Each structure stands twice: as structure tokens, then as C-alpha cells.
S.K.: 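Attaching a single structure in C-alpha cells format; questions to follow.
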Protein chains: 2
Amino acid sequence: MISTDLIKGSLKTIVLKLLSDEGRMHGYLITQRVEELTHGKIKLTYGALYPILHKLESEKKLVTSQEIYNNRVRIYYSLTPEGTSAVREKIEELNEFINALRWIVEPGKNLSHA
Amino acid sequence: MISTDLIKGSLKTIVLKLLSDEGRMHGYLITQRVEELTHGKIKLTYGALYPILHKLESEKKLVTSQEIYNNRVRIYYSLTPEGTSAVREKIEELNEFINALRWIVEPGKNLSHA
DNA sequence: TCATTATATTTAAGTTTCTTATATATTGCA
DNA sequence: TGCAATATATAAGAAACTTAAATATAATGA
């Protein structure tokens with residue numbers, strides 16, 4: 001598990017990207033997929049996730065729809081067109097960030113400037 | 001310039017890594033080198049930097065020494081042995097983080113599990 | 001000579017973003 | 001019957017910044 005300080009700022013981008021790749025998802029599933037995709041390195045807690053989802057909804061980047069599954073209400077989240085273009089920008093920024101970190105970590109190697 | 005949210009959690013690691021690579025540095029120089037190394041993508045503000053330096057000093061990860069240059073006091077920071085081993089751990093964690101982000105961004109590619 | 005930019009450090013107040021803890025409720029397995 | 005997994009939500013508090021302001025010297029250019 002990676003220190004939470006490091007992860008903090010990227011959670012919103014991660015949520016958007018997952019919704020972009022996998023379409024409709026409910027909150028619980030999002031936490032599971034993040035853990036799966038990152039081999040347990042990143043764990044999204046509910047206390048972090050739901051406020052993020054609610055905020056993204058209020059920003060019109062995603063919409064919700066309810067579904068009953070096994071007598072339980074599930075709330076599905078999916079991207080709006082606005083959310084879809086937000087993902088593109090966020091991912092681009094995340095790639096820049098990854099590159100910037102690599103320039104720090106491996107200052108010798110002349111890495112891509114993309 | 002990358003969104004500050006993204007960068008937040010990695011500033012301490014960046015400072016430690018720079019001191020590890022370049023030895024004695026004063027605060028102002030650290031901000032310059034970060035900007036240089038990251039091609040302006042990451043800017044360390046003084047309001048962020050000095051509290052980080054002071055905290056690392058109180059944690060005995062670095063020590064200070066003063067020097068007069070052009071009638072001005074410069075405060076140089078350098079790693080203690082404790083700081084040096086902290087760098088190694090932090091960099092390892094940062095690499096894990098970079099990989100985890102790449103698993104999110106490029107889920108198709110089977111990237112290293114290092 | 002005067003103004004501006006660069007150099008250099010510091011700290012206080014405020015915001016954001018999470019962490020931690022708690023609450024609630026159903027299903028399935030042992 | 002009890003525990004683990006499934007599923008969502010929110011409140012209180014901590015941490016890490018951002019922004020802004022204060023202070024001071026040197027160098028550059030108009």
C-alpha cells in the first residue's frame with residue numbers, strides 16, 4: 001500500500017478514468033477495480049470515494065441511475081459528455097505528472113517530453 | 001504547470017531526492033532545480049518548501065548550516081544518514097506509485113510489477 | 001538615480017482533500 | 001448464529017498545501 005499522501009490528489013482522475021474505460025459502475029465496484037488494477041497498491045476508501053462521486057455529479061461530469069439488485073439499491077455512475085472531455089484533460093495532466101516525476105527520479109535518462 | 005492537487009503529496013519526496021542527488025542545497029536553489037528538472041511542470045512555492053524543510057529537520061532527516069554569500073545569509077540543507085535511507089524508501093514508494101498510475105492510465109499494457 | 005527583477009527566508013490564515021469512525025442494511029456461507 | 005462480503009453515506013478531524021504578506025540585499029537597466 002502506497003502512502004496516502006502520494007495518492008491523494010490523483011483519486012478524482014482515477015475515478016473518471018475507470019468510468020471512461022468501463023462505463024456504468026457503482027461505488028463499491030469502483031473501489032474493487034482500483035485495487036485490482038493497481039495490484040493492491042492503491043485502495044480507495046468509501047470516505048474518499050463517495051464525496052468525490054457526489055462532487056463530480058454536482059459538477060455535471062457524471063449522472064446517476066438506480067437499479068435494484070438482490071433487493072438492494074445500487075447507484076450507478078456514468079460520464080456525461082462533459083465528463084468525457086474532462087477525462088481526456090485529466091489523463092493528459094496525469095501523464096505530464098508521471099513524466100515530471102520520472103525526470104526527478106531518473107534525472108540521467110533523457111525521457112520523453114510529451 | 002500541473003494541477004497542484006496532483007503534486008501535493010510528492011513534494012517531500014522530491015526535496016529529499018534532490019538533496020540526495022546534489023548534496024548541500026539552499027531553499028531557493030531547490031525551487032529552481034525542481035522547475036528546471038521538470039521543465040516548468042512542477043513549481044515548488046516557498047510557502048510549501050520551507051515548512052517541508054523545517055519538518056524534515058525536526059525529524060532529523062536533514063541538518064542545516066549557514067553561510068554568508070554576498071552579505072546575505074544562506075541556509076544550506078543536507079541529508080543525515082537517517083535522511084539518506086529515508087530517500088531510498090521514498091523513491092521506492094514513488095516508483096510503485098508511478099507504476100500504479102500507469103496501470104490505471106494504460107490498463108491494456110502489461111507493465112512491470114517491480 | 002530610481003525602479004524593477006532576482007535573490008533569499010519566513011510565517012499566518014484559509015482551503016481542500018482526504019482519513020477515520022460510525023451508521024445502516026442485506027446476502028450468503030459455515 | 002455469527003461473520004464476511006456487499007453497498008452507501010456522512011460527520012469530525014488532520015494534514016498538506018496555497019495565498020499573501022513581510023523583510024532585506026544585489027544587480028540591472030532606463
Side-chain angles (χ1 to χ4, degrees), chain A residues 1-16 18-19 24-36 40 42-59 61-77 90 93-94 97, chain B residues 1-16 18 24-36 40 42-59 61-62 64-77 90 93-94 97:
Chain A
M1 182 67 176
I2 297 164
S3 131
T4 60
D5 287 348
L6 227 43
I7 297 164
K8 269 191 178 183
S10 41
L11 294 181
K12 195 183 280 183
T13 304
I14 289 173
V15 168
L16 286 169
L18 269 190
L19 286 171
R24 260 162 63 90
M25 297 179 91
H26 56 95
Y28 188 74
L29 183 58
I30 293 174
T31 65
Q32 287 182 303
R33 284 296 288 145
V34 169
E35 202 174 331
E36 217 177 291
I42 295 177
K43 281 173 190 163
L44 234 174
T45 61
Y46 308 120
L49 174 65
Y50 288 106
I52 286 173
L53 289 172
H54 299 333
K55 187 160 188 225
L56 288 172
E57 190 185 5
S58 80
E59 291 169 0
K61 298 210 172 69
L62 47 83
V63 288
T64 59
S65 52
Q66 297 195 3
E67 210 171 271
I68 308 286
Y69 183 79
N70 270 351
N71 266 9
R72 266 180 257 152
V73 175
R74 269 185 183 168
I75 302 173
Y76 278 87
Y77 299 86
K90 288 272 189 188
E93 190 183 59
L94 193 60
F97 177 53
Chain B
M1 180 70 174
I2 298 164
S3 132
T4 60
D5 287 348
L6 228 42
I7 297 164
K8 270 190 179 184
S10 40
L11 295 182
K12 195 183 283 184
T13 303
I14 289 173
V15 169
L16 285 169
L18 268 190
R24 261 161 62 90
M25 298 178 90
H26 56 94
Y28 189 74
L29 184 58
I30 293 174
T31 65
Q32 287 182 303
R33 285 295 289 144
V34 168
E35 201 173 331
E36 216 177 292
I42 295 178
K43 280 173 193 162
L44 235 173
T45 60
Y46 308 121
L49 174 66
Y50 288 105
I52 285 173
L53 289 172
H54 299 333
K55 186 158 191 226
L56 288 173
E57 191 186 2
S58 79
E59 291 169 0
K61 298 209 174 70
L62 45 83
T64 60
S65 52
Q66 295 195 4
E67 210 171 90
I68 307 286
Y69 183 78
N70 270 349
N71 266 7
R72 266 181 256 152
V73 176
R74 269 184 184 169
I75 302 173
Y76 279 86
Y77 298 87
K90 288 272 189 189
E93 190 184 60
L94 192 61
F97 177 53

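In this text the structure is predicted, and so the values were computed from the model without any measurement. Labels below follow one simple rule: chain letters A, B, ... track the order of the sequence lines, proteins then strands, and each chain is numbered from 1.
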S.K.: If each of B:G27 and A:L11 is mapped to the nucleotide of DNA chain C with the nearest heavy atom, which maps nearer the 5' terminus, i.e. the 5' end?
M.R.: B:G27

S.K.: For B:E59, what residues pass the side-chain contact (heavy atoms from CB on, under 4.5 Å) criterion, not counting sequence neighbours?
M.R.: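 If we apply the side-chain contact (heavy atoms from CB on, under 4.5 Å) test to B:E59, skipping adjacent residues, the hits are B:K12, B:K55, B:L56, B:K61.
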
S.K.: Touch check for A:Y77, heavy atoms < 4.0 angstrom, all strands: base, sugar-phosphate only, or nothing?
M.R.: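 A:Y77: backbone/sugar contact only, no base atoms under 4.0 Å.
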
S.K.: So, using side-chain contact (heavy atoms from CB on, under 4.5 Å) as the criterion, who are the partners of A:T4 when residues are at least two apart?
M.R.: none

S.K.: Quick one: side-chain contact (heavy atoms from CB on, under 4.5 Å) partners of B:R72, sequence neighbours excluded?
M.R.: none

S.K.: Using a heavy-atom cut-off of 4.0 Å across all strands, would you classify A:L49 as base, sugar-phosphate, or nothing?
M.R.: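 Since no nucleic acid heavy atom lies under 4.0 Å of A:L49, the category is nothing.
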
S.K.: Remember a base hit wins even if backbone is also touched, and classify A:Q32 as base, sugar-phosphate or nothing at under 4.0 Å, heavy atoms.
M.R.: sugar-phosphate

S.K.: Quick one, give me the B/S/- string for nucleotides 20-26 of chain C, reading 5' to 3', where B means a protein heavy atom under 4.0 Å from the base and S means that only happens at the primed atoms, P, OP1 or OP2.
M.R.: B-----B

S.K.: Would you indicate what B:L29 reaches in the nucleic acid, counting non-hydrogen atoms under 4.0 angstrom: base, sugar-phosphate, or nothing?
M.R.: nothing

S.K.: Side-chain polar contacts of residues 24-31 of chain A - donor-acceptor pairs under 3.5 angstrom, sequence neighbours left out - could you list them?
M.R.:
from  : atom 1 : to    : atom 2 : distance (Å)
A:R24 : NH1    : A:S65 : OG     : 2.6
A:R24 : NH2    : A:E67 : OE1    : 2.5
A:T31 : OG1    : A:Y28 : O      : 2.6

S.K.: Under the rule for side-chain contact (heavy atoms from CB on, under 4.5 Å), what residues qualify as partners of B:E36, not counting sequence neighbours?
M.R.: B:R33

S.K.: Within the structure shown, what part of the strands sits under 4.0 Å from A:K55 by heavy-atom distance: base, sugar-phosphate, or nothing?
M.R.: sugar-phosphate

